[in-house]
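Whatever order the structure lists ligands and atoms in, that order sets their numbers, starting from 1.
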Amino acid sequence: MPETMNKTFNDCGVIERYREFLPVTDATPVISLGEGSTPLIHSPKLSAITGGEVYVKYEGLNPTGSFKDRGMTMAISKAAEEGAHTVLCASTGNTSAAAAAYAARAGMKCAVLLPAGRIAGGKMVQAYIYGATVVAIRGNFDDALRLVRELGETGDFAIVNSINPYRIEGQKTAAFEIIEELGNAPDIHILPVGNAGNITAYWKGYKEFKELGRSHKLPKMLGVQAAGSAPLYHGAPMDNPETVATAIRIGRPASWDGAINAVSESGGCFEIVEDSEILAAQKWLASNEGIFVEPASAAPVAALFKCFNRSGKTTQCDSCPFRKVQPGAKVVLTVTGHGLKDPDTAKHAVTAPIETEATAAAVREALAKIG
Ligand code: AN7
């Protein structure tokens with residue numbers, strides 16, 4: 001490497017950035033695509049709504065477009081260390097995209113089990129282009145994960161779902177980054193919850209850095225589910241979860257205990273948002289802050305709007321963590337996946353273009369109409 005090409009956080013990935021806090025050794029081959037070190041974007045408009053400081057952790061800027069890359073660099077690196085040939089996962093689309101990409105880089109085979117017909121277009125294309133074998137099962141994500149657990153018992157496959165503890169280890173690095181950037185943990189952390197690996201991972205990361213004295217407080221964790229797919233909110237598994245946010249269409253979260261623990265230990269809560277609120281929040285975030293996220297990732301924004309209506313008047317429920325923090329509190333929202341993952345669902349924002357003759361006069365006339 002030329003001397004001028006100094007290594008930065010951005011080109012080395014989360015294992016190199018946080019090696020001392022992760023279960024890797026010199027014998028672990030690091031399979032990385034430069035994941036992590038994602039922007040923590042201050043949102044003036046959301047801050048005005050809460051009366052505090054709101055930041056958006058933009059995880060859609062990871063190499064395959066979602067936070068799953070943080071966990072997958074760990075899971076695939078450890079699978080490589082253990083000599084695995086084939087990795088297997090169930091997925092609502094983002095885990096499979098990440099598994100396929102990192103497996104390709106490691107020279108491994110990858111098989112993904114997806115709920116037939118319920119994967120966003122961009123995610124489906126990713127599985128194929130990275131060279132995975134795609135199996136569409138006639139069932140939902142929970143059925144696919146049940147099959148993965150069963151197939152994993154044979155020892156023929158390395159399972160890279162978040163039931164693999166290395167995934168959680170990698171994903172906790174997002175909490176580390178937030179603490180390093182803010183100089184402390186936020187007061188409240190809001191994120192979408194599906195299979196519940198991520199809320200489990202963030203809570204682990206926040207606790208580890210607090211124990212090491214790198215932060216002086218712990219955030220209250222607010223886990224957001226879609227109203228039609230809200231087993232943790234209701235406290236019972238669901239058989240037929242349904243939501244436009246297909247990423248979090250999960251009725252039997254694998255990290256159930258981790259999610260309950262994060263919320264109860266931190267003094268947070270679970271919240272639900274309707275599909276209509278998710279789509280409105282997706283449009284709001286893109287058109288007001290320039291951040292385009294997939295529907296599941298808009299759920300935390302929708303939840304914030306639910307806690308504070310647009311004029312700043314509070315509409316909080318009894319268990320709302322906003323009741324327990326000072327005005328001016330720091331809030332971080334994780335937006336987990338890029339908007340381009342699911343262009344079809346974003347078509348709610350698309351109208352027919354203004355079509356004109358190819359002359360400046362015609363264009364000027366068309367633009368005059370919009371004021
Ligand atoms: C954009 O890809 O479960 O609560 O198989 O893709 O850790 O499951 C995706 C989950 C939030 C929920 N946002 O995270 C999968 C999968 C996006 C996601 C979640 C997912 P977890």
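- Here is the list of ligand 1 atoms found below 4.0 Å of a heavy atom in Ile248: 11 (C), 12 (C), 19 (C).
- Salt-bridge annotation for Arg118 and Glu242: present, with a side-chain N of the basic residue lying under 4.0 Å from a carboxylate O of the acidic one.
- Below 4.0 Å from some heavy atom of Asn195 lie the following atoms of ligand 1, by number and element: 4 (O), 8 (O), 21 (P).
- When hydrophobic side chains of Ile, Leu, Val, Met, Phe, Trp and Tyr are connected at separations under 4.5 Å, Tyr130 ends up clustered with Ile129.
- Checked against a 3.5 angstrom limit, the closest N/O atoms of Lys123 and ligand 1 fall outside it.
- Counting atoms of ligand 1 from 1 in the listed order, those under 4.0 Å from a heavy atom of Ser91 are 2 (O), 5 (O), 15 (C).
- When only interatomic distances are considered, the shortest N/O to N/O separation between Asn94 and ligand 1 falls below 3.5 Å.
- Taking any N or O of Ser297, backbone or side chain, none lies under 3.5 Å from an N or O belonging to ligand 1.
- Residue contact check: Gly197 has heavy atoms under 4.0 Å from atoms 4 (O), 7 (O), 21 (P) of ligand 1.
- With hydrogens and angles ignored, the 3.5 Å screen pairs a side-chain donor or acceptor of Glu35 with a backbone N or O of Val14.
- Taking Ile, Leu, Val, Met, Phe, Trp and Tyr as members and joining any whose side-chain heavy atoms lie under 4.5 Å apart, directly or through other members, the hydrophobic cluster of Phe292 also contains Leu340.
- Note: no N/O pair closer than 3.5 Å links Pro192 and ligand 1 by distance alone.
- The atoms of ligand 1 that sit less than 4.0 Å from any heavy atom of Glu294 are 1 (C).
- Contacts between Leu191 and ligand 1 below 4.0 angstrom, taking non-hydrogen atoms only, are absent altogether.
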side-chain hydrogen bond (donor to acceptor under 3.5 Å, both in side chains) between Thr336 and Ser297, intermediate numbers included = CA-CA 5 Å; Thr336 43; Ser297 309; 2.7 Å; yes

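- Ion pairing between a basic and an acidic side chain is recognised when a charged N comes within 4.0 Å of a carboxylate O; Glu181 and Lys57 show no such pairing.
- In terms of N/O distances under 3.5 Å, ligand 1 is approached by Ala196.
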